[in-house]
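What follows is a set of notes on a single structure, which appears directly below.
Not measured: the values here are computed from a predicted model.
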Amino acid sequence: MALMLIGIPAKAQELVIRIDDMGALHSVNVASIDTYRNGVAKSVEVLVVGPWFSEAVKMLQENPGLDVGVHLAITSEWENVKWRPLTHCPTLVDENGYFYPMMSPHEAYPGASVAENMHRFDIAEIEREFRAQIELALKNIPQVSHISGHMGSTAFSDEVCELVQRLSKEYNLPSIDRRDAAEQYDFTYIGYEGAKATAEEKVASFIKALERLDKGKRYLFLDHPAYNDSEMQTVMHIGYEDVAVDRQGVTDLLKSEEVAKVIKERGITLIDINQLTKSLPRGEASPKMTKATERYLAAVSEAEQELHSVMVVKDGKVIFEKWMSEGKADEPHVLNSVSKTFTSMAVGFAISEGKLSLSDKLVDIFPEHVPENPSEYLKEITVEHLLTMSCGHSTDPTFHRANEQTSWIRLFMEHPVTHKPGTLFCYNSLGTYILSAMVQRRTGEKLVDYLFPRLFRPLGINNVVWAESPEGVNTGGWGLFLKTEDLAKMGLMMLQKGVFDGKQVVPAEWIEAASQKQVECVPAGMNSDEAYKLRKQAKTSDWLQGYGYQMWRCRYNAFRADGAWGQYIIVIPEKNAVVVTTAHIGDMQAEINLIWKYLYPAL
């Protein structure tokens, strides 16, 4: 089976197309989603103080792939629609309690600008207001990835710049509109190259700008889509009266087939702000690695393996990446049991925060689900037994899930526990579901929500989708969808003992414990009583090297997260490397054998 290789050109121009002011008006909300779904918009900035913020939240929850920024605001520019602060900040508002309309002095609005009033602004009020806007956004919109400034609100003074930088670090949200942001993230702002009064002029001028982009560089373009409808026709301020017509032109530009064609023909890669600010650094593959990847891909094709993507990280940099068949760089892929390793991280966080312990017992956390006359073995099952899949089951209870009226927790407890917990390994996805339910019970948050501020946001992982049970619990052992680079970030964090981008994200001791051999193991579908059948395979099998906390040990002193049909995060400490794959491959030992044969020696 020949593979169709789809790779991102190494030296392609990368372009962020950003749209601003979602939440301000209904027309803006609808146009924002329209230009994302049917156009080229990649990131949107949301006004939390806007009167249509609640609608924006619903729309963004329905479109988790759209990258979102908190558009921090301390101005309210229009005459017929206004917004107020979320907090009590009397120095930041006019006599009617609204933000001032302008950032700089405007002859039509004397004395009504930030510049004219900033001498009396209280920086404590600005911090309190900015925090409120950030926290309301994070509470409602999981995929928030960065901070931006409405009309320059994040960069109008040195003191405000310092404040925003501090908040950026605290909330793990890069500040994209800071004065030094373009230098830090290595991009250039672009605008229209020519007239832009009409939609046709906008298209022509934007295409001119696209034609001037240099290969190997990154750019950011921003504008404000809306519709020329009755709502927008009421929106104006003196000096800018044709808002509806102008912003309809922006919508037309972003949905233009001609623009999309030029982007494709010129090989321009559209990225979002999360990718701009939190992508892994890229490096050059050695000649040895280049030859090894060619031989590896040829072997994959020869073996008729349906590989979807592969990414290799060496010394903290991506040195090889390829998407093929159904794989796409910007679309989440099913992870199957790779999900388990993410659940393990949540358990580690809960333990470090004192909300769980390894010795906590299943029956104590869910007393309402304990069957009558529970066995002594059932009463002994702990968090650690669940993590190591050594609960004492002879068979996997996962496939005995019943209809929606039956609690999966109760089903787990009713499954026969035939051995003393800690003495028998039996692969058990429903046990990982129980861990997810434990985290939710003890933290009050679903697994995915609990992980956003602790893991996903620090790693720059957004567009997270995780299936739920009928009980409203993330499935834990399966059901997570992420992109290939997200998996590489996870692998790099584990390789670095919980550190990512210079910060300790996951406790180092948890990574150490989770990745160590905690118990003997056998492949899924067997239990360790049957291990004698596999003795001769021990030196060649990656399923007989030991199991940690929801992670497998591998040959070559490596460890991995893995999921059915060929999903891998392989961490190789001795090579300071990570190899990630997504796939649809039934024989996963054959899949990893090719990695060991071709890629490993070249690392």
Would you please say whether a donor-acceptor pair under 3.5 Å links the side chains of [X] and [Y]?
X	Y	value
H150	E77	yes
N274	D67	no
N96	K82	no
E231	H26	no
E129	T87	yes
Q248	T251	no
H146	E45	yes

Side chain to side chain contact (heavy atoms under 4.5 Å, CB included) between W78 and T234, intermediate numbers included: CA-CA 9 Å; W78 308 122; T234 68; over 6 Å; no
Donor-acceptor under 3.5 Å (S339 side chain, L480 main chain): yes
Any donor-acceptor pair under 3.5 Å from K575 side chain to D315 backbone: no
Would you call [X] and [Y] a salt bridge, taking side-chain N to carboxylate O under 4.0 Å as the test?
X	Y	value
E485	K483	no
R131	E170	yes
R212	E193	yes
D34	K255	yes
R18	D177	yes
E468	K446	yes
R166	E162	no
D252	R247	no

Euclidean distance, [Y] [atom2] relative to [X] [atom1], rounded to 0.5 Å:
X	Y	atom1	atom2	result
R218	T269	CZ	OG1	11.5 Å
L487	S309	CG	OG	7.5 Å
S113	H106	OG	NE2	10.5 Å
I17	K42	CD1	NZ	9.0 Å
L335	F342	CG	CZ	6.5 Å
D186	K217	CG	NZ	9.0 Å

Testing the basics here: between [X] and [Y], what is the closest heavy-atom pair and its distance to 0.1 Å?
X	Y	answer
A73	V49	CB-CG2, 4.0 Å
S205	G194	OG-C, 3.1 Å
I19	A41	CD1-CB, 3.8 Å
P174	S168	CA-OG, 3.5 Å

NZ or CZ of R84 within 45° of Y98 ring axis and under 6.0 Å: yes
Within 6.0 angstrom of K208 NZ, more than 12 heavy atoms from elsewhere: no
Y192: ring-ring contact (aromatic ring centres under 6.0 Å, His included) partners, not counting sequence neighbours: F221
Which residues share a ring-ring contact (aromatic ring centres under 6.0 Å, His included) with Y568, sequence neighbours left out: none
Ring geometry between Y109 and H237 (parallel below 30°, tilted from 30 to 60°, perpendicular above 60°): perpendicular
Geometric class of the F349/Y450 ring pair [parallel <30°, tilted 30-60°, perpendicular >60°]: perpendicular
Aromatic ring proximity, centroids under 6.0 angstrom, F53 and W83: no
Side chain to side chain contact (heavy atoms under 4.5 Å, CB included) involving Q275 - partner list, sequence neighbours excluded: I271, D272, S279
D180 and R178: CA distance, side-chain angles, deciding distance, salt bridge (charged side-chain N to carboxylate O under 4.0 Å, His left out) verdict: CA-CA 5 Å; D180 59 348; R178 277 190 352 267; 2.8 Å; yes
Side chain to side chain contact (heavy atoms under 4.5 Å, CB included) evaluation trace for E321 with R282: CA-CA 10 Å; E321 55 192 308; R282 265 53 181 176; 2.8 Å; yes
Check against side chain to side chain contact (heavy atoms under 4.5 Å, CB included), R457 and L138: CA-CA 10 Å; R457 200 165 290 122; L138 293 177; 3.5 Å; yes
